[in-house]
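Notes follow the structure.
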Amino acid sequence: MGPRLRSTLRHPYHGPVKKTSISLAFAAALGALFGCGQAKRAPPPPIRTTRVEDPVAGFRIDVPEGWVRFTPTLQDPRRRWFAAQWVPAGTPGSVEGIFVHLMTPGCKAADLGGKFAGAPFATELNPEAFSILNSSAGSVGTRQAFRLDGKYHSQKLGDIFEATAYVETTPGSGVLITSRGTLPAETTVRARLEAALGGFEPIKREVRLQATTPHSGGVAFALPEGFDEYFGPGGFGTIAYAVGPSDVQGHQESVSLSIAPPVPSGEQFLASLLAEATKGLTRSQPRKMKLAGKDVQGFTLSPPEGSPRYEVAVTMFRVGDQSAALCVHAAMMPPGRALDLLESIAGSVAMTTVPMPKLEEKRFGEMRLRMSAAPEGWEVNTDDVVMLAKYAEKVALPGGGEPQSRPAVAIEATLDEDYRGNGTPRDAARDHAAGLPPKKSRAIAIDDFALPDGRQACRLTVATQNSYDFFFFARSTSGSLAQVHVLSLPGLSALGEKLGEQVLAATRYLPFADQKAPPDAVLEASRKALPDLLARSRGRKPAALWYVEEVRGKEAGGQLIRLAEDGTWVSRERRPMPGGMLESSIEGAPGTTHETVTVRATKAPGDPASTAALESVTTINAAPGAFVQVLRKHSGGDEQSDRIPTPDPWLPPDVSASDGLLVALATEPEGTYAFASVSERTLFLRWKEYRVLGEEDVEVPAGKFKARRIEFGAQTIYWVANGTVVRAEMGDFVRKLSTEDLVSRHFKD
């Protein structure tokens with residue numbers, strides 16, 4: 001929206017013409033101003049004409065009798081080069097033609113030659129060997145004019161001669177009329193232009209509306225006749241954009257509807273965009289008009305006198321809980337047209353309420369330990385890391401045909417470790433805001449709110465060129481944060497924001513009692529094997545570091561885990577914090593993990609690194625009464641305690657965190673074994689399922705082995721040989737791409 005509102009006039013024909021030829025051509029044109037070559041013109045032949053008029057574009061001219069008006073298709077770039085064009089009947093691709101273009105050069109007709117000395121006047125986008133034969137200032141009737149004859153070569157049409165006249169209709173704007181034909185027929189081409197000018201007369205421009213078109217968010221309105229819907233990059237918050245007749249890249253006439261995000265600071269954000277886009281413009285007296293049955297005020301903003309002539313007309317209104325702005329940019333004659341267009345469009349606006357869909361429960365993640373909710377009828381994909389729900393809307397594209405579907409809202413729900421230790425949801429929102437790309441997005445606000453169950457949550461609102469993004473954060477367990485990312489078109493951002501809050505409340509780890517236990521046969525086999533497995537996993541001899549051959553997705557933030565002798569965790573590479581580095585080491589006796597985390601970060605570029613040590617202790621004991629008692633304490637924080645029912649069979653933490661169990665399982669019969677354990681970091685109880693298979697040939701840098709294959713969960717595979725894990729494909733630690741990476745491409749051009 002912003003850049004389009006402040007655009008100045010550009011000449012419509014930017015062909016790759018060499019500077020030398022342009023300079024020589026205009027040097028010749030200056031000589032023609034003094035009358036060179038005027039006496040050699042042959043008398044024009046008689047031209048039989050028909051008078052035609054275009055109230056939408058605001059002119060009347062005479063065209064050769066029998067010629068027809070030609071309107072290119074929407075896909076043809078010439079559609080917006082000219083307000084109108086006429087060609088001989090039956091030959092739409094003919095070299096002959098009369099072309100009319102509306103212009104606002106911001107200068108008198110007599111000064112036009114100097115203003116556009118660096119750009120050729122041609123009806124072809126890329127004219128070759130363009131040269132000006134003669135040019136002069138003059139008049140058409142009582143109106144100032146500028147005449148120009150030129151020639152060039154076109155690969156499609158051959159050698160072309162054009163006679164052009166720019167006729168001033170109001171100060172700084174006018175109509176450009178061009179007669180085109182083959183090079184040997186200069187006399188005829190000039191005669192057609194003289195005939196057209198003989199009937200030229202500016203007439204009152206009318207605003208005629210087309211059929212009403214719906215847009216996302218329940219807003220519908222009609223565009224003026226000659227305007228085409230435009231699907232491309234827009235400004236922040238723009239949900240609809242259209243360009244008018246004889247428009248050049250949206251710089252002459254355009255319509256845009258922008259909607260602010262549905263947050264407390266949304267109205268101020270939209271107001272700041274309007275202020276930035278109209279800086280330095282003078283505001284007119286407001287005009288009362290109707291919009292969706294309500295009284296609103298529209299006003300015009302114009303540049304200072306002497307600047308290129310254009311106007312911006314704006315009106316503000318409400319769409320449900322959101323502020324909206326309807327803007328019309330008009331750089332064509334006559335003055336006041338922008339406000340006339342705005343009033344007509346505002347009178348056609350209609351709004352309907354977008355219904356809230358019902359939410360249905362969705363379980364995802366390994367063993368379906370995570371739970372969230374998704375709107376009914378939406379496309380839903382789940383895996384071990386994320387639940388992604390998408391909604392598409394039908395849109396009618398330019399050119400007609402069947403409506404096409406485009407993604408309009410996407411919701412991503414995840415559960416992640418609390419890397420800050422005991423950080424708040426607001427801390428997580430600030431960390432995320434600090435990592436946003438500044439050239440592609442703009443953080444609007446960070447707001448705190450409470451979920452229905454009383455948990456504190458935080459919302460980060462971000463604007464991009466194509467959407468509004470909402471990032472929600474809330475604590476799920478003592479060691480985990482629920483995160484929901486909503487990406488929506490601006491018109492549906494209120495719907496997406498409300499759904500995001502509901503999905504956040506539903507995103508959590510399932511209580512152990514709600515988890516589906518493995519089949520009885522698997523539990524029975526696991527219960528019988530557990531005592532011997534525990535003894536062997538705890539009593540095995542020290543082993544060398546096991547080798548991780550592949551960690552898919554490591555570039556996207558994956559984790560690399562190495563285990564040393566006695567199953568002690570000696571190194572864990574974790575996701576770095578924005579602007580810093582995170583290191584950790586975990587070691588301790590069975591039943592207790594003691595973790596010291598060192599954070600190195602700089603407050604600003606060039607500052608010396610500051611170091612802060614955070615210490616957390618988690619103790620997990622199987623207490624009497626069939627409960628697992630979990631105690632967690634952070635440095636400087638209060639002790640937290642959880643009581644979880646003890647499952648059967650129970651896997652102690654020291655074995656759960658060791659590869660000793662894998663080595664022991666490699667000696668068991670083929671089959672499925674399932675054990676329950678407590679996650680030290682996220683403090684939730686889950687089933688761990690291992691599928692023990694036969695031997696396979698495995699080749700790794702350490703050599704070739706006959707190794708037993710053990711599958712863990714849905715994606716992780718281990719191979720064990722000679723009492724050592726020799727290879728692991730660790731899909732369990734893959735960091736999936738975020739919703740922004742997966743879906744944002746659908747919101748682009």
Side-chain angles (χ1 to χ4, degrees), residues 1 4-5 54-58 83 102 203-230 234-235 237-247 250 252-260 267 270-271 274 277-278 281 283-302 310-354 395-396 398 490-492 494:
M1 175 183 60
R4 302 186 191 286
L5 295 180
D54 188 338
V56 173
L102 308 182
I203 59 178
K204 180 177 176 56
R205 297 192 68 177
E206 298 179 5
V207 180
R208 300 175 180 176
L209 296 181
Q210 305 176 71
T212 300
T213 303
H215 298 275
S216 64
V219 182
F221 60 89
L223 290 172
E225 185 177 312
F227 280 68
D228 300 325
E229 194 77 26
Y230 174 75
T238 302
I239 74 164
Y241 182 68
V243 290
S246 191
D247 180 81
Q252 292 198 14
E253 286 197 345
S254 63
V255 177
S256 64
L257 174 62
S258 300
I259 295 185
E267 185 172 358
L270 184 59
L274 291 174
T278 57
L281 302 184
R283 181 169 173 169
S284 69
Q285 291 295 321
R287 179 194 298 182
K288 292 183 179 180
M289 56 186 67
K290 289 286 186 179
L291 190 149
K294 296 182 179 180
D295 292 327
V296 296
Q297 288 189 336
F299 54 89
T300 301
L301 297 137
S302 305
Y310 72 95
E311 298 173 335
V312 180
V314 182
T315 186
M316 305 285 291
F317 61 102
R318 301 286 296 181
V319 179
D321 297 333
Q322 299 171 263
S323 297
L326 181 63
C327 302
V328 173
H329 179 278
M332 299 180 187
M333 52 104 181
R337 173 169 169 78
L339 208 54
D340 292 341
L341 286 169
L342 179 69
E343 185 173 16
S344 299
I345 299 170
S348 71
V349 173
M351 292 180 287
T352 57
T353 302
V354 179
V395 295
L492 289 169

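FYI, side chains are in, hydrogens and waters are out, and symmetry mates aren't considered; it's all heavy atoms of this structure.
- Interatomic distance, Leu291 CG to Arg318 CZ, rounded to the nearest 0.5 Å: 13.5 Å.
- With values rounded to the nearest 0.5 angstrom, Leu257 atom CG is found 8.5 Å from Cys327 atom SG.
- Under the 4.5 Å side-chain criterion, counting only non-hydrogen atoms from C-beta, Ser216 is in contact with Leu492.
- Taking CE of Met351 as the start and CZ of Phe317 as the end, the distance is 6.0 Å to the nearest 0.5 Å.
- Here the OG-CD distance, from Ser258 to Gln322, works out to 12.0 Å after rounding to the nearest 0.5 Å.
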If you apply the rule side-chain contact (heavy atoms from CB on, under 4.5 Å), what do you find for Val314 with Phe299, and how did you get there? CA-CA 6 Å; Val314 182; Phe299 54 89; 4.1 Å; yes
Take Leu209 and Leu223 through the side-chain contact (heavy atoms from CB on, under 4.5 Å) test and state the conclusion after the steps. CA-CA 6 Å; Leu209 296 181; Leu223 290 172; over 6 Å; no
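- Screening residues 338-351 for side-chain hydrogen bond (donor to acceptor under 3.5 Å, both in side chains) gives Arg287-Asp340, Arg287-Glu343 as the qualifying pairs, with residues at least two apart or on separate chains.
- Residues Gln297 and Thr315 share a closest heavy-atom pair of O-OG1, 3.0 Å.
- Looking at every heavy atom in both residues, Gly336 comes nearest to Glu311 through N-OE2, 3.0 Å.
- With a 4.5 Å cut-off on side-chain heavy atoms, Leu301 and Ser284 do not count as touching.
- We find the CZ-CZ distance between Arg208 and Phe227 to be 14.0 Å, quoted to the nearest 0.5 Å.
- Of all the heavy atoms in Gly298 and Leu339, the pair that sits closest is C-CD1, 3.9 Å.
- With rounding to the nearest 0.5 Å, the separation of CG in Leu342 from OG1 in Thr300 is 8.0 Å.
- With respect to Lys288 and Asp295, no salt bridge is recorded, no charged nitrogen being found less than 4.0 Å from a carboxylate O.
- Using a 4.5 Å cut-off on side-chain heavy atoms (C-beta onward), Leu341 and Val255 make no contact.
- Comment: Arg205 engages Glu253 in a salt bridge, judged by a side-chain N to carboxylate O separation of less than 4.0 angstrom.
- Of all the heavy atoms in Leu102 and Ala83, the pair that sits closest is CG-CB, 4.0 Å.
- Ile259 approaches Ala324 most closely through the heavy-atom pair CG1-CB, 4.0 Å.
- Here the closest non-hydrogen pair linking Leu270 and Ala260 is CB-CB, 3.8 Å.
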Steps toward side-chain contact (heavy atoms from CB on, under 4.5 Å) verdict (Arg337, Val207): CA-CA 9 Å; Arg337 173 169 169 78; Val207 180; 4.2 Å; yes
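- Enclosure of atom CD in Gln210 by more than 12 non-hydrogen atoms of other residues, nucleotides or ligands within 6.0 angstrom is indicated.
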